[in-house]
Amino acid sequence: MRKLFLLVVIVMAAITASAQEGIYLGGGISLWRNNDVDKTSFSITPDVGYNLSEKWAVGVELAYAHNGVEPKINGNAFALAPYARYSFYENKIVRLFLDMGFGFSTYKEKHVDSVNGFEIGVKPGLAVKLNDNFSFITKVGFAGYRDDYYRGEENGFGVGLDGENISIGIEYEF
């Protein structure tokens, strides 16, 4: 875990050192504890992107997730999800966008074979500008296809706008 955190810090520092206007860094974290089944789960999802124009950006999200039910079952997932972002509405404070992309993941529990999965689809989002550099970002829902993707939703095609498909984070634009 320390090595992964150190790698993320080094990558972000390298990007920051060579940053140009149009580059943004973002991401989110989550932590959940279920005392009924003694389960702890967390995820770290940094992303980096580049604004091609006022309407279009490209980026990639990296993800690390851990699920642990004490004392025996522990699972770790890694994912890579490139995307294209289309901003279809913007005023001085609020921006509405669609992240269109695909993702690949691998999930491994102790003493069990790893499971590889993918997703392809659209995630609608909202950005609220806090100041010239920082924005509050939320993505609500998913429309597309998933097969054994690390987030644990059912396999298949569909649209999900429930509370399990909400991500909240912060974004810093250079």
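Atoms considered below: every heavy atom in the structure, side chains included; atoms not considered: hydrogens, waters and symmetry mates.
- Remark: Phe136 pairs with no residue by the ring-ring contact (aromatic ring centres under 6.0 Å, His included) rule, at least two apart or across chains.
- Counted within 6.0 Å of CD1 on Ile29, heavy atoms from surrounding residues, nucleotides or ligands total 12 or fewer; the atom is thus considered open.
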Handout entry: side-chain contact (heavy atoms from CB on, under 4.5 Å) assessment of Ile44 paired with Leu62
Key = CA-CA 8 Å; Ile44 301 169; Leu62 304 172; over 6 Å; no
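- Looking at Tyr24, Tyr50, Trp56 one by one, the single match for side-chain contact (heavy atoms from CB on, under 4.5 Å) with Arg85 turns out to be Tyr24.
- No path of Ile, Leu, Val, Met, Phe, Trp and Tyr side chains, each step under 4.5 Å between heavy atoms, connects Met100 with Phe97, placing them in separate hydrophobic clusters.
- Side chain of Asp147 to main chain of Gly117: no donor-acceptor pair is present (N/O by atom type, distance under 3.5 Å, no hydrogens or angles).
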Problem - Pair Phe118-Tyr145, side-chain contact (heavy atoms from CB on, under 4.5 Å): steps then yes or no - result: CA-CA 8 Å; Phe118 72 95; Tyr145 183 81; 3.6 Å; yes
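- Pairing each heavy atom of Ala79 with each of Ser105, the nearest pair is CB-CB, 3.8 Å.
- Residues Ile137 and Phe174 do not share a hydrophobic cluster, clusters being chains of Ile/Leu/Val/Met/Phe/Trp/Tyr side chains in contact below 4.5 Å.
- Here the rule is salt bridge (charged side-chain N to carboxylate O under 4.0 Å, His left out) with Arg95, and of Glu171, Glu173, Glu54 only Glu171 fits it.
- Hydrophobic clustering, with ILVMFWY side chains joined whenever heavy atoms are under 4.5 angstrom apart, groups Leu98 together with Val60.
- Using a 4.5 Å cut-off between side-chain heavy atoms of Ile, Leu, Val, Met, Phe, Trp and Tyr, with links allowed through other members, Ile93 and Phe134 fall into the same hydrophobic cluster.
- Ser41 OG to His66 NE2: the interatomic distance, rounded to the nearest 0.5 Å, is 8.5 Å.
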Exercise for the section: Could you go through the side-chain contact (heavy atoms from CB on, under 4.5 Å) check for Leu52 and Val58 one step at a time? Expected result: CA-CA 7 Å; Leu52 301 171; Val58 292; 3.9 Å; yes
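- Linking ILVMFWY side-chain heavy atoms closer than 4.5 Å, directly or via other members, places Val115 and Phe104 in two distinct hydrophobic clusters.
- Closest of all the heavy-atom pairs between Ala77 and Tyr107 is CB-CD1, 3.6 Å.
- To the nearest 0.5 Å, atoms CG (Leu31) and CZ (Phe42) are separated by 8.5 Å.
- Checking side-chain atoms of Thr138 against main-chain N and O of Ser167 turns up a donor-acceptor pair under 3.5 Å.
- Using a 3.5 Å distance cut-off with no hydrogens or angles, the side chains of Asn155 and Asp148 do pair a donor with an acceptor.
- Between the side chain of Thr106 and the main chain of Phe78, no donor-acceptor pair closer than 3.5 Å is present.
- Using the six-membered ring where Trp is involved, Phe88 and Tyr86 have ring planes that are parallel, under 30° apart on the 30 and 60° scheme.
- The side-chain heavy atoms of Asn76 and Tyr64, taken from C-beta on, include a pair separated by under 4.5 Å.
- Tyr83 is not listed as a side-chain neighbour of Lys123, based on a closest heavy-atom distance of 4.5 Å or more.
- Summarising the local packing, CG of Asn91 is surrounded by more than 12 heavy atoms from other residues, nucleotides or ligands at distances under 6.0 Å.
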Handout entry: Residues Asn67, Asn74; criterion side-chain contact (heavy atoms from CB on, under 4.5 Å); working and verdict
Key = CA-CA 6 Å; Asn67 290 316; Asn74 288 304; over 6 Å; no
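- Rounding to the nearest 0.5 Å places OH of Tyr172 at 8.5 Å from CG of Asn131.
- Rounding to the nearest 0.5 Å gives a distance of 14.5 Å between OH of Tyr150 and CG of Asn116.
- Across all non-hydrogen atoms, the minimal contact from Lys129 to Ser135 is CA-OG, 3.8 Å.
- Counting heavy atoms of neighbouring residues, nucleotides and ligands inside a 6.0 Å radius, atom CG of Asp132 does not exceed 12 of them.
- Taking CG of Leu25 as the reference point, atom CD1 of Ile170 lies at 12.5 Å (rounded to 0.5 Å).
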